Amino acid sequence: MRSDANIAGPMTDPVPGPRTESSFGEDVSRETPPPMDDTPIGRAAQLAVEALGRAGEGLPRPEHTRVIVVANQKGGVGKTTTTVNLAASLALHGGRVLVVDLDPQGNASTALGIDHHAEVPSIYDVLVDSRPLAEVVQPVPDVEGLFCAPATIDLAGAEIELVSLVARESRLQRAIQAYEQPLDYILIDCPPSLGLLTVNALVAGAEVLIPIQCEYYALEGLGQLLRNVDLVRGHLNPELHVSTILLTMYDGRTRLASQVAEEVRTHFGEEVLRTSIPRSVRISEAPSYGQTVLTYDPGSSGALSYLEAARELALKGVGVSYDATHAHIGAQNNPNMVEGIQ
Ligand SMILES: Nc1ncnc2c1ncn2[C@@H]1O[C@H](COP(=O)(O)OP(=O)(O)OP(=O)(O)O)[C@@H](O)[C@H]1O
Ligand SMILES: [Mg+2]
């Protein structure tokens with residue numbers, strides 16, 4: 001665990017992942033972006049240059065490791081997508097980041113290209129057999145500074161097996177506290193339920209990040225999650241708070257999306273990131289190649305929006321105000337960037 005560093009200068013030495021043909025040729029210099037063509041592709045190219053330039057810019061490091069629990073008991077709202085893409089973005093910004101896959105589906109492990117068949121040492125061994133976290137963590141191919149503690153199918157049984165174990169709610173917390181590698185961020189991808197796995201995440205982290213899908217009924221069921229957060233704060237983890245809300249699958253072309261966004265902002269206020277994540281085909285394609293959208297298509301609106309969300313998250317964490325110029329670059333201000341019509 002990192003605890004020594006103060007706000008130590010910018011995160012250094014970021015190594016962006018490989019670019020794909022759909023973004024730029026390797027010969028495009030970051031210092032001299034190509035002339036902006038007044039076409040959707042020209043604009044996309046320009047934005048991607050900016051995105052990649054920003055990725056190399058570095059961000060302030062948090063004073064202590066920030067442990068962020070990505071939770072929402074509703075299924076399919078973008079928890080896993082947000083976990084892996086934010087984690088990759090933070091790593092591209094120069095941070096050292098660990099993703100803990102706490103969902104028996106193992107989607108985060110898949111999306112990060114991490115082997116997670118039944119025999120692979122996994123987060124199940126950590127929770128149930130007290131195996132040190134360091135023994136299951138694997139580096140993520142393609143993204144320097146990004147690591148993953150994978151989930152295997154065994155984890156499906158852990159909800160029940162944990163019940164009879166000592167300190168059943170705080171086993172992940174203990175494992176993280178004993179982990180000695182320096183990290184800036186740990187992002188925990190929760191399953192779509194509020195059982196013991198999610199409780200372990202809530203006890204281990206200080207921050208909760210709730211992705212909210214910009215659809216009808218977006219806020220329904222959230223009360224239950226918020227009550228659980230209160231309960232865990234009251235009994236097991238006094239530091240726990242909802243620090244961040246991220247609007248996902250935002251479609252700037254529909255009135256419903258902006259209505260939901262407005263409702264969420266009214267309800268939660270400052271916790272809602274100014275950056276929202278557009279609905280993007282590239283984001284949904286990336287996992288089937290074992291990649292995040294940051295390496296799969298770094299010039300896409302999805303990659304850009306996750307980079308911006310990560311920047312906002314990082315700056316918020318050190319109390320620096322965020323310049324929202326690019327906050328809605330993917331969805332609202334650039335309708336041509338919404339995949340499907342570009
Ligand atoms: N911004 C986006 N644009 C398009 N598709 C998206 C976007 N975000 C997520 N998706 C897709 O929506 C589906 C659900 O996303 P994801 O798996 O991240 O949700 P989840 O909350 O983790 O689901 P679960 O509750 O099952 O764990 C996936 O197929 C994913 O590829
Ligand atoms: Mg998931």
Side-chain angles (χ1 to χ4, degrees), residues 68-89 99-114 116 123 148-153 155-156 159 187-195 197-198 201 208-215 217-222 224-225 244-254 256-257 260-261 273 275-297 300-310 327-332 334 337-342:
I68 303 175
V69 182
V70 182
N72 187 336
Q73 83 273 26
K74 196 174 275 194
V77 297
K79 292 182 287 296
T80 302
T81 306
T82 293
T83 304
V84 299
N85 289 302
L86 268 187
S89 299
V99 168
V100 174
D101 189 349
L102 213 55
D103 186 346
Q105 298 177 101
N107 296 154
S109 312
T110 304
L112 293 173
I114 297 289
H116 62 111
I123 202 70
C148 175
T152 58
I153 191 66
L155 197 58
E159 292 272 10
L187 272 68
I188 307 174
D189 184 29
C190 291
S193 66
L194 294 173
L197 288 172
T198 298
V208 183
L209 184 158
I210 307 178
I212 294 184
Q213 187 181 356
C214 292
E215 288 291 345
Y217 297 133
L219 291 174
E220 200 155 273
L222 271 189
Q224 208 183 339
L225 172 61
T244 312
I245 308 282
L246 179 63
L247 296 165
T248 64
M249 300 183 230
Y250 187 95
D251 186 342
R253 295 166 297 180
T254 70
L256 176 64
V260 171
L273 292 188
T275 309
S276 46
I277 307 302
R279 187 172 278 285
S280 148
V281 174
R282 296 311 220 183
I283 289 179
S284 58
E285 283 172 350
S288 54
Y289 296 89
Q291 289 191 45
T292 68
V293 73
L294 280 303
T295 53
Y296 177 63
D297 190 352
S300 64
S301 60
L304 189 65
S305 60
Y306 271 113
L307 277 171
E308 275 304 303
H328 301 292
I329 214 155
Q332 286 131 310
N334 290 277
M337 289 297 291
V338 177
E339 271 105 348
I341 59 167
Q342 70 173 329

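Both ligands and their constituent atoms are indexed starting at 1 by order of listing. Please read these numbers as outputs of a predicted model, since none were measured by experiment.
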The one among S301, S280, S305 that brings a heavy atom closest to atom 3 (N) of ligand 1: S280
R282, M249, Q105: member with heavy atom nearest to atom 26 (O) of ligand 1: Q105
Test item: protein heavy atom less than 4.0 Å from atom 13 (C) of ligand 1: no
Nearest protein heavy atom under 4.0 Å from atom 5 (N) of ligand 1, yes or no: yes
4.5 Å side-chain heavy-atom contact, P192 and D103: yes
Does [X] reach the main-chain N or O of [Y] with its side chain, forming a donor-acceptor pair under 3.5 Å?
X	Y	value
D297	R282	no
S305	G302	yes
K74	L222	no
T198	S193	yes
Q73	L194	no
K79	C190	no
T292	N85	no

Protein contact to [atom] [nearest heavy atom, distance to 0.1 Å]:
atom	value
atom 28 (C) of ligand 1	T81 OG1, 4.8 Å
atom 23 (O) of ligand 1	G76 N, 3.0 Å
atom 11 (C) of ligand 1	S284 CB, 4.3 Å
atom 20 (P) of ligand 1	K79 N, 3.5 Å
atom 19 (O) of ligand 1	G78 N, 3.0 Å
atom 1 (N) of ligand 1	P278 O, 2.9 Å

Does any N or O atom in [X] lie less than 3.5 angstrom from one in ligand 1, N or O only?
X	result
T82	no
R279	no
C190	no
D189	no
N107	no
I277	no

Contact partition for [X] relative to ligand 1, non-hydrogen atoms under 4.0 Å:
X	value
P191	neither
D103	side chain
T80	both

Atom indices of ligand 1 within 4.0 angstrom of G75 heavy atoms, with elements: 25 (O)
Ligand-residue contact atoms, ligand 1 with V77, heavy atoms, under 4.0 Å: 19 (O), 20 (P), 21 (O)
E215 vs V260, side chain to side chain contact (heavy atoms under 4.5 Å, CB included): CA-CA, chis, key distance, verdict: CA-CA 7 Å; E215 288 291 345; V260 171; 6.0 Å; no
Side chain to side chain contact (heavy atoms under 4.5 Å, CB included) between I68 and T244, worked out: CA-CA 9 Å; I68 303 175; T244 312; 5.9 Å; no
N, O or S of Q105 under 2.8 Å from the Mg ion (ligand 2): no
Close approach, T248 and ligand 1, non-hydrogen under 4.0 angstrom: no
Pair Y306, T275: side-chain N/O donor-acceptor within cut-off below 3.5 Å: no
Evaluation steps, side chain to side chain contact (heavy atoms under 4.5 Å, CB included), between I212 and V77: CA-CA 6 Å; I212 294 184; V77 297; over 6 Å; no
Minimum heavy-atom distance between V208 and A71, given as atom pair plus value: CG1-CB, 4.5 Å
Full working for side chain to side chain contact (heavy atoms under 4.5 Å, CB included) between Q213 and R279: CA-CA 10 Å; Q213 187 181 356; R279 187 172 278 285; 3.6 Å; yes
